[in-house]
Structure formats: structure tokens, C-alpha cells
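Read through the structure below, which is laid out as C-alpha cells, and then see the notes.
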Amino acid sequence: MRLTPRPSAALGHYFTPTPTGFSLHMCASPRSLRAVRGLTEATLLGVGVAPDLVDSAQIVLSELYGDAVHACGDYVP
């Protein structure tokens, strides 16, 4: 498995390293969702995940974002 460089923090999200990878902390907003979807794609493709699985991961991410906004409102952490 190849490791990709960890992106720096940006408005709306930041990474925290863990022993087995990383955690992504983010606020639910349209701008942040686009950025995080892009980071998800780059990270997964960078470690060799098949493109169809990357698409599935992005769909799950979008659903979780939508659920957070629906339950708690925009910009919920």
C-alpha cells in the first residue's frame, strides 16, 4: 500500500493522524463537501482503491453530510 502526503488543514476540515491512518474532522457546508470529496478521491486512488469503490465512498460521504445537515443544520462539526 502506498501512502500519499497528508493534506494540510483548510477552512472547514482538518486531519488528525491515528495509528492506523487518519481521522477527518469537518464542518458540513457545500464548500467543505466539495473539498472533502476531492480529498477522498485523491487519497483512495493514491493507495490503489478501484475507481468504482471510490465513487461508492464519495456517495456514502455525501449521504453522511446530508444527514448531518438535516439533523443539525449547516456548518455542524
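Just so we're clear, the structure is a prediction, and the values are computed from it rather than from any experiment.
- No path of Ile, Leu, Val, Met, Phe, Trp and Tyr side chains, each step under 4.5 Å between heavy atoms, connects L64 with I59, placing them in separate hydrophobic clusters.
- We find the CG-CG distance between L44 and L39 to be 10.5 Å, quoted to the nearest 0.5 Å.
- Q58 approaches E41 most closely through the heavy-atom pair NE2-CB, 3.4 Å.
- Side-chain atoms of V36 and L61, non-hydrogen and from C-beta on, do get closer than 4.5 Å to each other.
- The structure places OH of Y65 at 10.5 Å from CZ of R34, a figure rounded to the nearest 0.5 Å.
- Note on L53 and V47: same hydrophobic cluster, where clusters join Ile, Leu, Val, Met, Phe, Trp and Tyr whose side-chain heavy atoms are under 4.5 Å apart, directly or indirectly.
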